[in-house]
Amino acid sequence: MEIVAKFEVPYYQYLNHEGNVVADLPAFAKDTQELIKLYRLMVLNRIFDTKAIALQRTGKIGTYPSTRGQEGVFVGVGAGMAKDDIFVPYYRDVGILVQRGVKFSDILLYWGGDERGNCFASAKNNFPYSVPVGSQPLHAAGVATALKIRKEKHAVLTVTGDGGTSEGDFYEAMNVAGVWKLPVVFVVSNNQWAISVPRSEQTAAQTLAQKAIAAGFAGEQVDGNDVIAVRDRTEVAMKKAREQNEPTLLEIISYRQSDHTTADDASRYEAKGTRETHWAHEPIMRLKKYLEKLGVWDDKKEESLQTECAAEIEKTVADYLQTEPATVESLFDYLYEKLPKIYEEQRDQLIQLGGQSHG
Ligand SMILES: Cc1ncc(C[n+]2csc(CCOP(=O)(O)OP(=O)(O)O)c2C)c(N)n1
Ligand SMILES: [Mg+2]
């Protein structure tokens with residue numbers, strides 16, 4: 001017997017959960033202003049998240065997938081991308097989209113059932129939200145193929161959940177990315193749940209990162225509660241995709257500190273106390289501890305940041321609530337170039353009945 005192949009999956013962390021540096025920091029992380037920017041974005045996203053859930057509870061939006069506890073993942077990935085890169089989002093990617101020119105008010109509009117919130121007119125390098133699980137990697141591989149044919153030196157990034165990695169589509173996209181050497185990064189946001197299915201029942205694979213190995217490229221794990229690690233590994237992977245047409249899979253590990261969406265009740269399947277145990281590792285407190293140790297953060301700065309971010313979110317919520325509602329018949333607008341007769345009749349009936357959507 002001889003060994004014909006051997007593989008390794010590295011794990012990246014720079015800040016441990018006590019806020020101590022455990023590895024050589026990347027260059028950007030030596031600039032405290034850069035770290036404060038990341039910190040602010042995580043705080044802003046959490047305030048938005050809390051507000052979005054309150055809006056759903058009071059009937060102002062339809063449903064909402066929380067990002068609580070996962071701010072390090074989405075803020076770090078967004079910060080690691082360049083403006084000209086292309087982003088193919090799944091439904092939990094608020095923290096990335098808002099760094100790429102999408103407004104929080106558009107995100108509320110979308111979850112309020114208004115497709116105008118999903119057109120991202122002011123942020124053209126982003127695909128619209130696509131909710132079918134596992135479909136995004138295929139779209140991303142397609143875009144990466146186009147970039148390669150056009151010889152454009154940008155890269156594509158897409159995010160899939162841990163559950164999404166069990167879909168055939170996910171493997172097909174990875175396979176083609178490997179064999180065609182596509183400039184694409186597959187982020188797997190491993191929040192340890194796919195609605196009620198825990199990671200342990202999702203796959204027998206030891207890591208999700210190793211799924212890249214079968215497709216012929218590298219996979220690595222990143223501590224998703226360490227925003228420094230997430231930004232750094234995203235930057236490295238995107239550079240490799242742009243410059244060498246070499247794909248990467250980043251399995252970014254965090255914990256879903258919420259129900260799956262506002263339509264779910266995790267207390268029916270999540271063991272009592274689990275969430276609280278994981279809370280000790282959440283990303284905002286970790287960076288705050290580090291900033292305090294550096295002597296660049298204190299209670300006064302925290303208070304003014306909280307006030308400033310809350311005001312920004314209040315303003316965006318007001319923008320959303322003041323948006324003229326879409327007409328109900330607009331639900332027929334985005335499926336067909338020319339509406340089939342049967343739908344034309346239904347559309348006309350709706351117009352006769354009158355009525356408006358959100359509000
Ligand atoms: C093809 C498909 N099957 C099922 C669903 C219903 N569904 C929505 S989210 C979800 C779980 C996804 O979990 P994961 O991929 O881990 O992402 P997370 O929501 O945890 O971020 C399922 C099964 C769907 N949207 N699309
Ligand atoms: Mg998940």
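When a ligand or atom number is given, it counts from 1 through the structure's own listing order. Starting from 1, each residue takes its place in the sequence as its number.
Ordered by chain and number, D162 OD1, N191 OD1, W193 O make up the set of protein N, O or S atoms under 2.8 Å of the Mg ion (ligand 2).
From the protein, the heavy atom lying nearest to atom 25 (N) of ligand 1 is V131 O, 3.4 Å. For atom 8 (C) of ligand 1, the nearest protein heavy atom (residue, atom name, distance) is V133 CG2, 3.9 Å. With respect to atom 12 (C) of ligand 1, the closest heavy atom belonging to the protein is Y91 OH, 3.3 Å. Of the protein's non-hydrogen atoms, Y90 OH, 2.7 Å is the one closest to atom 21 (O) of ligand 1.
By the ring pair (Phe, Tyr, Trp, His ring centres under 6.0 Å) test, Y336 is found to be paired with Y343, residues two or more places apart in sequence or in another chain being considered.
The hydrophobic cluster analysis finds Y334 isolated: no Ile, Leu, Val, Met, Phe, Trp or Tyr side chain comes under 4.5 Å of it, directly or through other members. Clustering of Ile, Leu, Val, Met, Phe, Trp and Tyr by side-chain heavy atoms under 4.5 Å joins I3 with M1.
Exactly one residue among Q210, K211, Q221 makes a side-chain hydrogen bond (donor to acceptor under 3.5 Å, both in side chains) with E251. That residue is Q221. Exactly one residue among L108, D259, L55, D49 makes a side-chain contact (heavy atoms from CB on, under 4.5 Å) with Y64. That residue is D49. Of the candidates L15, I228, N16, L15 is the only one forming a side-chain contact (heavy atoms from CB on, under 4.5 Å) with V21.
Residue-ligand proximity, P132 to ligand 1, at heavy-atom distances under 4.0 Å covers atoms 26 (N). Against a heavy-atom cut-off of under 4.0 Å, G161 is close to the following atoms of ligand 1: 14 (P), 15 (O), 16 (O), 17 (O). The atoms of ligand 1 that sit less than 4.0 Å from any heavy atom of G164 are 15 (O). Taking every heavy atom of G163 and a limit of under 4.0 angstrom, the matching atoms of ligand 1 come to 14 (P), 15 (O), 16 (O). For ligand 1, the atoms closer than 4.0 angstrom to any heavy atom of R92 are 18 (P), 19 (O), 20 (O), 21 (O). Residue contact check: W193 has heavy atoms under 4.0 Å from atoms 16 (O), 20 (O) of ligand 1.
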For side chain to side chain donor-acceptor pair (under 3.5 Å), just list the numbers for N191 and S189, CA-CA rounded to whole Å, side-chain angles, deciding distance to a tenth of an Å, and then say yes or no.
-> CA-CA 6 Å; N191 62 10; S189 169; 5.1 Å; no
Could you walk me through whether K30 and D24 pass the salt bridge (Lys or Arg N to Asp or Glu O under 4.0 Å) check?
-> CA-CA 10 Å; K30 292 175 184 152; D24 280 349; over 6 Å; no
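Cation-pi geometry between R275 and Y255 is not satisfied (NZ or CZ under 6.0 Å from the ring centre, within 45° of the ring normal). Annotation: cation-pi pair R233/Y12 present, NZ/CZ under 6.0 Å from the ring centroid and within 45° of its normal.
Note: Y91 and W111 fail the aromatic proximity criterion, with ring centroids not under 6.0 Å apart.
The residue R256 has no part lying near ligand 1, judged by heavy-atom distances below 4.0 Å.
Ring geometry, Y110 versus Y129: the interplanar angle falls under 30°, so the pair is classed parallel (tilted spans 30 to 60°).
Protein heavy atoms all stay at least 4.0 Å away from atom 6 (C) of ligand 1.
For a threshold of 3.5 Å applied to N or O pairs, the pair formed by N191 and ligand 1 contains at least one separation below that value.
Between D169, V159, D93, I195, it is I195 that holds the heavy atom closest to atom 23 (C) of ligand 1.
Taking the side chain as every heavy atom from C-beta outward, V184 and L157 never approach each other to under 4.5 Å.
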